[in-house]
Structure formats: C-alpha cells, structure tokens
Amino acid sequence: MATFTRHERLKSRKVISRLFQEGQSFAQYPLRFVWLVTPPVENVPPGSPLQFTVSVPKKRFKHAVDRNRLRRQIREAYRLHKEKLYAALPDTGNAISLMVIYTGAEALPYTIIAEAMYQALGRLSRKMLPRTDSPSAQENNVSK
RNA sequence: GCUGUAAACUGCUCUAUCGCGGCGCCAGCCAGCAAAGGCUGGCGAUGAGGAAAGUCCGGACAACGCAGAGCGCCACACCACCUAACGGGUGGGCUGCCCGGCCGGAAGGCCGGGUGGACAGCGAGUGUCACAGAAAACAAACCGCCGAUGUCCGGGUCUCCCGGGCAGGUAAGGGUGAAAUCGUGCGGUAAGAGCGCACGCCGUCGGGUAGUGAUACCCGGGGGGACAAACCUUGUGGGUUGAAAUGCCACGUACACCUCGAUCCCGUUCACGCAAGUGAAUGGGGCAGGGUUGCUCGCCUUGUGGAAGCCUAUGGUUUCCGUCGUGGGGGGUAGGCAGAUAGAUCCCGUUCGUGAGGACGGGGCUAGAUAAAUGAUAGAGGCACUGGAUCGCGCAAGCGCUGCAGUGUACAGAAUCCGGCUUAUAGGUUUACAGCAAAA
RNA sequence: GGUCCCGUAGUACAACGGAUAGUAUGCAGGUUUCCGGAACCUGAGAUCUAAGUUCGAUUCUUAGCGGGACUA
C-alpha cells in the first residue's frame with residue numbers, strides 16, 4: 001500500500017547515530033542511501049520492519065523552501081516505490097533503517113529523482129535476497 | 001493616452017488520482033478492576049506569509065531572593081503627540097541642495113515647487129587637522145603694500161622738504177590648501193585691519209510678545225576655523241537571563257574514584273555537677289566557598305562535627321572518618337504533558353481628532369508541527385508579454401474585435417506570541433508628481 | 001531557538017583617519033649553471049558589497065552578503 005505513516009518514519013536519534021557508525025551506504029545520483037539491518041529485539045516497540053528518513057543538506061540549499069520541496073519529492077518517490085523493498089524483506093523479522101541524503105548540486109526535476117529511487121530500491125532488494133539464502137552471513141550480521 | 005518615479009493595496013483559480021498534520025464523530029483491535037489511554041480503518045470540515053525571512057529594535061510572558069548603593073557598560077538625542085512599549089509612527093519647527101519668480105548697489109533676503117538632514121553640546125576640557133603653503137590655531141610676513149614714527153646716507157630753495165636704505169608696520173590683494181580669522185559698503189590710515197560705523201549672516205546670553213513646545217519676531221549685551229558616525233560632556237532610559245526560559249510526570253544512574261581547601265574564636269540560655277567542667281540549643285565574628293550584575297560594598301546562603309596519636313601539656317601539632325566546597329575524570333538520560341495558540345485580534349458602522357490613533361455599537365475568527373504536516377503527478381482555465389492569422393474600419397500607415405501558438409506566472413515555508421523596522425518580490429489596481437504626444 | 005566574533009594579493013598575516021595599502025611565501029620573466037635547485041634582480045596581483053560621516057575611509061556609522069565560534 002502506498003502510504004507513509006508514523007511508524008515508517010525514522011525518528012530515533014539513537015538509531016540514526018548507529019546508522020552512520022555501523023551502516024552501509026551506496027550512491028545513486030543524485031541520491032545517497034545509508035542503511036542498516038537491526039535485530040528484531042530492538043524493533044519491538046515501533047512495529048514497522050522498514051523505517052525511512054530524508055536529509056537535504058543546508059550547505060547546498062540555503063532556502064528552506066528548496067529543502068522542503070526536495071524532501072517532499074524524495075519522500076513521495078519512496079512512498080510510491082517502497083513496495084519493491086517490502087517484497088524483498090527477509091522473513092527473519094529483522095528491521096531495516098534507511099536514510100536518503102540528497103547529494104545533487106542543484107534541484108533536479110521529480111522524474112529524475114523518482115527514477116533514481118526506483119533503481120536504488122532495486123539494488124537494495126538484490127542485496128537483501130542472497131542473505132536470506134545463506135543463514136551464515138545473516139547470523140554474522142546479527143551478532144555484529 | 002503613453003513613459004518614468006514614489007507611496008498604498010493586492011499577490012493566481014479549478015478538477016482528478018495517490019498521500020500528510022492536528023481536530024470531531026463512528027467502527028474494530030490491544031491493554032486495564034475502572035477511568036484515562038495506545039494502534040488501525042472510515043467519514044467530515046480544516047491546514048503558511050506579506051514578508052512566515054534577516055534576527056535589527058520594542059513588549060507580553062517566565063525564572064532568578066519582588067532584584068539595595070556606587071563605579072563601569074549599553075542604547076537614544078529639534079519639539080509635541082500616538083502607543084503596552086519602541087531606535088517605530090503622525091503632525092509641526094529649523095535647516096542643506098536644485099529650479100523658478102521678486103526685492104536690494106552688494107552681501108544677502110522673501111515667496112512658490114521639488115528633494116535630502118543620526119537635527120543635544122567643540123560659548124567645558126583633551127586631542128587631530130596629512131601633502132602643499134610664509135603661516136593650520138592665546139600664532140604667523142613668501143611675493144606684495146607702506147615706511148607715518150625712529151635711524152643712516154645723499155640732495156635742495158636747509159627750524160623744513162625730496163629721494164634711497166634699514167629697523168619696523170600691515171592679514172586689503174596674489175599664491176597654497178578641504179579649510180586662512182564672518183560678508184558687503186563707507187569711513188579711517190603711511191599702508192592697513194571689526195579699528196569705527198551702517199546693513200547683513202551665524203551662534204550665545206538677558207528682556208518683551210506669540211505659541212503647550214521646538215521656535216519665530218522685536219530690543220539690548222557680548223562674540224565669530226573645522227571635526228563629537230574623535231575621546232568626551234550633558235540629559236533620558238536600561239536589574240539579569242531567554243521558551244533549549246520555566247513547572248510537573250515517567251525512566252535511568254555512581255552518596256563510586258583522584259586532587260586541593262575549610263573544619264577556628266567569643267558569648268547567652270538550659271540541664272547535670274560541691275566545683276573545675278561536660279552536654280544540648282542559640283547568637284555574633286573569622287575562615288573556606290556558593291548565589292545575586294561585569295567590578296566593589298552590601299545582602300542572602302552552605303560547612304565549621306567526631307575519633308585517635310605525639311610533644312617542650314589549662315596548650316600546641318599530626319593523622320583518619322564525616323560534612324561542605326574547588327578542579328579533574330567518569331556514568332546515566334536525551335521520552336511525555338503543560339508553557340502553546342482568542343488576541344495591545346480582525347471586519348463594518350457611528351463619532352472625536354489635521355493626522356498617527358482613540359471611544360462606542362454590531363458581527364466574525366479552531367494552522368499548531370517537534371528528524372518537524374500543508375505535498376506529488378496529470379489536465380483545464382485566468383492574467384501578462386511576443387508572434388503572425390481571420391473579420392471589420394481605412395487609399396495607406398495603423399487601430400479594434402475574435403480565436404490560435406509560444407513564453408512567463410515572482411519572492412519565498414509558521415516553530416512561544418504580538419507591535420515595528422530592514423531586506424527580497426513576476427504581474428495587477430489606485431493615487432500623486434514629472435516628461436512627451438494629440439485635440440479643444 | 002538564542003548569543004558573540006571575523007571578512008585585505010593564490011595563501012598566512014600587518015597598516016595613530018593621511019603620500020604609490022606593507023611583509024613572508026607562492027606565481028611570471030630575467031641573471032647565474034651543462035641542466036635543475038639555492039641565490040640575486042625585475043614584475044603582476046588585494047581592502048566582501050552598497051550607502052553615509054569627513055577635505056580625505058582598509059580604519060568610523062548603517063544596511064546587506066559570506067564565513068566561523070559558543071550555548072541543551
């Protein structure tokens with residue numbers, strides 16, 4: 001379902017701090033994706049297996065209007081394409097935290113952002129799938 | 001009518017699909033003794049600005065002990081009024097510059113229009129005034145002018161006069177400079193100078209008239225470099241800190257560790273005791289800190305308790321524990337509720353006031369987020385500009401109407417709330433002024 | 001959210017309100033050397049922007065732009 005509710009938003013400062021310390025990342029121009037798989041135990045209170053948030057750096061975009069618009073467009077692109085990632089989620093109950101950072105030098109049209117989001121979520125899904133097939137790698141990740 | 005400038009106002013609309021925030025109602029699930037609550041879904045209405053911005057001022061509100069004195073610091077600066085307050089606004093005064101007209105011999109003044117003024121005080125002190133120039137501030141002589149007076153030389157018609165030089169006088173003129181001792185005219189003089197007088201300019205003091213006042217006009221005295229966005233002086237105002245303030249709830253943790261400092265003196269009352277004295281309570285001072293405003297004083301406040309040992313023993317000193325505090329290093333949390341959205345509020349009318357604005361009456365108004373909502377996509381329309389087309393008028397240039405295509409539709413996003421200021425802004429509307437063109 | 005500070009050559013810093021804005025390093029050209037380095041000589045290069053005060057502004061004032069620090 002193409003919604004974006006309270007639980008699907010990444011809000012905890014703690015998790016975000018861990019995201020930057022331990023998480024993995026890749027770039028899909030003009031976006032950059034930082035993601036982390038967390039064990040299900042830590043995820044019990046909120047209740048959503050996939051949490052997402054956006055950041056647009058103030059350094060490149062001085063005006064709040066521009067930042068707001070980019071954030072809304074990215075969020076919209078995620079909302080319309082996130083089904084792809086849900087379909088690839090492992091059955092272990094692990095949660096995924098995801099932060100998207102806009103790294104473009106200037107504001108690009110929505111069609112380019114949407115295409116980048118579509119490609120990136122595809123890449124992320126492919127990274128998920130092999131892990132469900134090989135339990136050893138998954139245990140390694142969880143113990144970490 | 002067009003163009004420009006300034007001010008004020010305004011600053012896109014609709015539909016479809018998928019979404020978001022808080023609110024109300026309904027349903028389901030979770031948890032609970034219950035009340036309250038959490039989650040999910042449906043329906044409903046609702047959801048950024050004139051600057052929400054910059055954070056430059058002023059308040060409300062809150063806390064700090066209801067906050068004392070002096071110094072320091074900061075801000076403001078013609079007057080009156082408006083206002084909760086302001087460095088904001090309104091009206092007035094004075095004044096610089098430009099244009100036009102008039103008066104005067106000139107200096108200068110008056111009137112009208114436009115456009116500016118951080119507009120208290122260099123008539124308190126200190127300081128600065130580069131270069132150039134003789135000289136840049138209780139002074140000073142480069143060229144020039146004079147050489148009356150004194151003196152020297154020469155000559156003559158010899159108690160006097162003429163010529164030249166020196167001492168010296170002179171701030172009119174030249175030249176330098178941003179600026180040269182107020183300007184014009186007359187007198188005066190050897191030559192000159194506010195040296196004197198008349199008129200005028202600019203400050204200041206005293207008096208009178210008008211005005212709430214700034215100030216204006218009249219009379220009189222005394223006066224005449226600039227700079228306070230130089231130090232400063234005078235007057236007025238400011239207690240400090242800001243919603244990450246502050247109050248409450250929940251959760252978690254370490255009264256652990258190292259370091260350094262204070263732990264003293266004098267009294268009063270009561271109890272016990274024959275007494276020395278002991279114990280308890282309390283007051284003052286000192287010491288070590290803390291708080292209050294940057295500093296000082298003042299004020300408020302915390303600790304000043306116990307045990308043991310040594311000695312030269314009615315006392316001195318050392319150590320340990322405790323208490324209070326300084327610094328170091330470390331640990332935990334970073335959730336919720338209130339503050340926080342109806343108010344110096346907006347609109348209309350009447351009325352007072354030149355105006356900012358005030359008074360009265362009537363009516364209207366739920367954005368309240370917190371890793372932070374108000375969006376995305378598609379389509380249609382409106383408005384502006386450009387292009388050329390059809391039709392109408394016209395000889396033509398061109399103008400008008402209709403529809404078409406392209407481009408543009410700005411600046412910008414609430415974060416405790418208000419009043420201002422400043423800055424950004426496509427397009428549109430109105431008013432004022434200026435210029436141009438045409439007609440009467 | 002709040003408070004404070006700073007903008008000068010490419011870089012790091014100077015300059016009581018006063019002459020052509022200085023020093024180091026870097027850059028360009030030349031001398032020297034077989035070549036390079038070092039050394040020496042010469043040169044180019046800047047006051048964040050806009051108004052104002054002043055005879056005169058890097059300096060003083062105001063507004064804007066940019067950068068940095070502190071505060072839970």
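So you know, we letter chains A, B, ... as the sequences are listed, proteins then strands, and number each from 1. Note: hydrogens, waters and symmetry copies are ignored here, and every other heavy atom, side chains too, is used. No experiment lies behind these values; they were computed from the predicted model shown.
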Spacing of the [atom1] atoms in [M] and [N] (rounded, Å):
N      : M      : atom1 : answer
C:U59  : C:C16  : P     : 13 Å
B:C57  : B:G242 : P     : 14 Å
C:A21  : B:C166 : P     : 49 Å
B:U345 : B:A380 : P     : 48 Å
B:A52  : B:A373 : C1'   : 16 Å
B:U409 : B:G42  : C1'   : 39 Å
B:A171 : B:G183 : P     : 13 Å
B:A340 : B:G247 : C1'   : 14 Å

Nearest-angstrom distance from the residue atom [atom1] of [X] to [atom2] of [N]:
X      : N      : atom1 : atom2 : result
A:I112 : B:U377 : CD1   : P     : 12 Å
A:R67  : B:A415 : CZ    : P     : 13 Å
A:Y78  : B:U377 : OH    : P     : 20 Å
A:N68  : B:G21  : CG    : P     : 16 Å
A:H81  : B:A376 : NE2   : P     : 16 Å
A:R69  : B:G413 : CZ    : C1'   : 13 Å
A:E76  : B:C18  : CD    : P     : 12 Å
A:L70  : B:G413 : CG    : P     : 13 Å

Inset, instruction - If B:G331 has a Watson-Crick or G-U wobble mate with both distances under 3.5 Å, name it; if not, just say none. - result: none
Syn versus anti for [N], judged by chi lying within 90° of 0?
N      : value
B:G435 : anti
B:G50  : syn
B:G327 : anti
B:A48  : syn

Legend entry - Rounded distance (nearest 0.5 Å) linking atom CG of A:L124 with atom NZ of A:K127: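 The NZ atom of A:K127 is 7.5 Å from CG of A:L124, to the nearest 0.5 Å.
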Legend entry - Interatomic spacing from CD in A:Q73 to CD in A:E76 - rounded to 0.5 Å: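 Between A:Q73 CD and A:E76 CD, I get 9.0 Å after rounding to 0.5 Å.
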Legend entry - 5' precedence on RNA chain B between A:T111 and A:T53 (nearest-nucleotide basis): A:T53
[X] side chain, from C-beta outward: closest of [options]:
X     : options                : value
A:V65 : B:A412, B:U377, B:C18  : B:A412
A:H63 : B:G375, B:U377, B:G413 : B:G413
A:L80 : B:U377, B:G413, B:C18  : B:C18
A:R71 : B:A373, B:A412, B:A376 : B:A373

Inset, instruction - Compare all side-chain heavy atoms of A:V54 with those of A:L70 and state whether any distance is below 4.5 angstrom. - result: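 No, too far: nothing below the 4.5 Å cut-off.
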Inset, instruction - Kindly indicate whether the side chain of A:F33, heavy atoms from C-beta on, has any atom under 4.5 Å from the side chain of A:M117. - result: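 Yes - at least one pair of side-chain heavy atoms lies under 4.5 Å apart.
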Inset, instruction - Would you tell me if any nitrogen or oxygen in the side chain of A:R72 comes within less than 4.0 Å of OP1 or OP2 on B:U374? - result: yes
Inset, instruction - Kindly indicate whether the side chain of A:R75 and the base of B:C20 share any N or O donor-acceptor pair separated by less than 3.5 Å? - result: no
Inset, instruction - Take the angle between the ring planes of A:F52 and A:Y78 and call it parallel below 30°, perpendicular above 60°, tilted in between. - result: parallel
